[in-house]
2 protein chains.
Amino acid sequence: MATIKDVARAAGVAPSTVSYVLSGSRKISADTRTAVQAAVEELGYHPNAGARSLRSTRTDVLALALPLSGHGYLPVGGRFMYGLSEAAGRHGYLVLLVTPPGEDDRGAGLERAARGRFADAAVLMGVEMEDPRVAAMRSLDFPVALMGHPDDESAAPWCDLDWEESVVSSVRALREAGHRRMLYLATVEEDVGSGRTYSVRGIRGAERAAAESGVAVDVCHSSDDPVELYRRLDARFDSDAPPTALAVQHPPAIPGILRHLAARGIEVPRDVSLVAIGNFPEDLGGLDVTRIELPVEQMSAAATRLAVEAIARVGDPGPFDDGDGGRAPHTLIPPRLIRGATVAPAP
Amino acid sequence: MATIKDVARAAGVAPSTVSYVLSGSRKISADTRTAVQAAVEELGYHPNAGARSLRSTRTDVLALALPLSGHGYLPVGGRFMYGLSEAAGRHGYLVLLVTPPGEDDRGAGLERAARGRFADAAVLMGVEMEDPRVAAMRSLDFPVALMGHPDDESAAPWCDLDWEESVVSSVRALREAGHRRMLYLATVEEDVGSGRTYSVRGIRGAERAAAESGVAVDVCHSSDDPVELYRRLDARFDSDAPPTALAVQHPPAIPGILRHLAARGIEVPRDVSLVAIGNFPEDLGGLDVTRIELPVEQMSAAATRLAVEAIARVGDPGPFDDGDGGRAPHTLIPPRLIRGATVAPAP
DNA sequence: CTGAAAGCGCTTACAG
DNA sequence: CTGAAAGCGCTTACAG
């Protein structure tokens, strides 16, 4: 494989000159630049990543810390990985996947990536309200960007869909259609239990919406086990005051829910209205659901930008002194309700 | 951040001794080893990845080349990324995502990763029958493992589900239930057009199954556009001899297909039987489909193993002289038909 | 405008 | 069983 020396020899210049041409950090005469570029092209030269990072302490790599997933692979993960990789590429970065190793070993893969300088910064997925990875990375002075809105807004740069407002908006839309008894189906219990930010903030939204609008919003957790999920739904629909509308923050469960309700003779939106919030599977059976979609591309772009900016700030003094009351740089994405065909006036 | 010198000083040994303890490539006295391990633990030492790779030409990183996707992100991709990352971790490797840059720039991201020594080998996703990336990597002497069964079986190590046999098995199952007129719904046209191995081999399977079993197997391509897809289905179901069974190699389309057929008064499996082949969305509306599933974990593990073995072979003579008629090492996974509730006797 | 030289942090023959 | 030393391929002050 060609090295910088080979390029220098071919272009008739010093290796340092080749380096300067490539980095653009020094004025170079047009002739020299042309000769170097020709040699680079000719030899198919790409700088050795290891040598470059050893010398410059920059790797041009972002680590993507996958969720500390209780229940294996999450379908939404793929889109984020892809979106991150695309966004990172536009900033000149490659993305390194870091899988959490074992249950009792939270963040060790990430720590290896940080301490071993495999990457310049980390983007954390599946962030929890008090995520232990944040403190771990901070103690290493390793830049991070969070996909999730943590409890401590000054801990690190973060971005997220405004889940609380998303649920509030959903309830409002149902209320405006005349509904007064709603069921909010939250994320699965594991997510709530581990304090995933989207879970906790979604539930907060349901509580605030109930308080503000004066309608009844029953909170029920979803389940990956269909039998258990349908049992919970049945308990509500069998009650004296069954809900007339659903706000569901677990879109993959929707096809099954619709089938189950249909088997009970309950049709959407004739008998019950539906708003869904989150990441959607490719095909919901052609159903045009009224919904708020998780803006994966937008979040990926924001997280990448926050990470790149954090890299530039390494070594800066104190916490974020940007006059935002100590909050870290962040992007809170407002919800956008897409009106589909699953909300009808209350009976 | 702690370096090997810091560890050596803390343990009272030479840096080289620390290196030998960590690599295990030399006999070390128990006392020395203990002292070094304590110092490593104490300081939270992890070797600098750049320095290590510069010296040893091993990065402990596998590049994962994402599909040259005509239609953006593919849902199946996420599972493979996750599976690869887990499998790689078990071998001590991290995974670097390499997104294809532009349409006219096929493999340039991959080339940068290879020439710049960002990784020790590459796993290629979305492999095409004659994939240009294979030749590109071979000319660089860069090890690869293919997720897909290419035309030239000697080109590089590969692994895949036996798609041809999968479709043959599906047709056989339908034939045994008495069906004589089937519709095989192939992958979307873009995949066929670009020569994705699963597309091409699936269609070959349909052709072979028809020839072998003497039943009529009409081949129709799926479409990501539901309107177009339903138009194609309608054309078949409106004909004089409509199919009594479907073999579908595009599972995400199934909920929509079922809805569309139901709207025409066609019920599965009462009026038409269904076998599906490929990667399945999380929830098909609770439907228990007779199917052959893409074994994502198994393929991820196989691809990782093939890549790691290929790294060990770098610099070896000639092509693969393992007495397999010039075929490269490979794993062809036989299909496993899971009997669900969507196949009924032919009317 | 360009070059010679130091050194980043490792690994691995070489030596004892 | 252990250490001293060379050198991987870059980048970046230092010098002219």
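So you know, we letter chains A, B, ... as the sequences are listed, proteins then strands, and number each from 1. Values below: every heavy atom of this structure, side chains too, minus hydrogens, waters and symmetry copies.
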**Message:** Check this for me: B:Glu309, atom CD, are more than 12 non-hydrogen atoms of other residues, nucleotides or ligands nearer than 6.0 Å?
**Reply:** yes
Rounded to whole Å, how long is the line connecting atom [atom1] of [X] with atom [atom2] of [N]?
{"X": "A:Asp6", "N": "D:dC8", "atom1": "CG", "atom2": "C1'", "answer": "14 Å"}
{"X": "B:Arg9", "N": "C:dG9", "atom1": "CZ", "atom2": "C1'", "answer": "13 Å"}
{"X": "B:Lys5", "N": "D:dA4", "atom1": "NZ", "atom2": "P", "answer": "12 Å"}
{"X": "B:His46", "N": "C:dC10", "atom1": "NE2", "atom2": "P", "answer": "12 Å"}
{"X": "B:Asp31", "N": "D:dC1", "atom1": "CG", "atom2": "P", "answer": "11 Å"}
{"X": "A:Ile28", "N": "C:dT2", "atom1": "CD1", "atom2": "C1'", "answer": "7 Å"}
{"X": "B:Asn48", "N": "C:dG7", "atom1": "CG", "atom2": "C1'", "answer": "13 Å"}
{"X": "A:Met1", "N": "D:dC10", "atom1": "CE", "atom2": "C1'", "answer": "16 Å"}

**Request:** Please work out which residues in residues 34-41 of chain A have a non-hydrogen atom less than 4.0 Å from an atom of DNA chain C and list them by number.
**Result:** none
**Request:** Decide, yes or no, whether a salt bridge links A:Asp31 with A:Arg33 under the criterion of side-chain N to carboxylate O below 4.0 Å.
**Result:** no
**Fill in**
dist B:Glu42:CD -> B:Gln37:CD (nearest 0.5 Å) comes out at 14.0 Å
**Asked** Counting only side-chain N and O atoms of B:Ser53, is one of them less than 4.0 Å from OP1 or OP2 of C:dC10?
**Response** no
**Message:** Taking 4.0 Å as the cut-off, does a side-chain nitrogen or oxygen of A:Thr3 come that near to OP1 or OP2 on D:dC8?
**Reply:** no
**Asked** For A:Ser29 and A:Thr32, what are the C-alpha separation, side-chain angles and deciding distance, and is it a side chain to side chain donor-acceptor pair (under 3.5 Å)?
**Response** CA-CA 5 Å; A:Ser29 73; A:Thr32 304; 2.8 Å; yes
**Message:** Within the 4.0 Å limit for protein heavy atoms, which parts of nucleotides 11-16 of chain C are touched? Write it as a string from 5' to 3', B for base, S for sugar-phosphate only, - for none.
**Reply:** BBBBB-
**Request:** Just need the stems in DNA chain C: three or more back-to-back Watson-Crick or G-U pairs, each with both distances under 3.5 angstrom, sorted by first number.
**Result:** C:1-3 with D:14-16, C:5-12 with D:5-12, C:14-16 with D:1-3
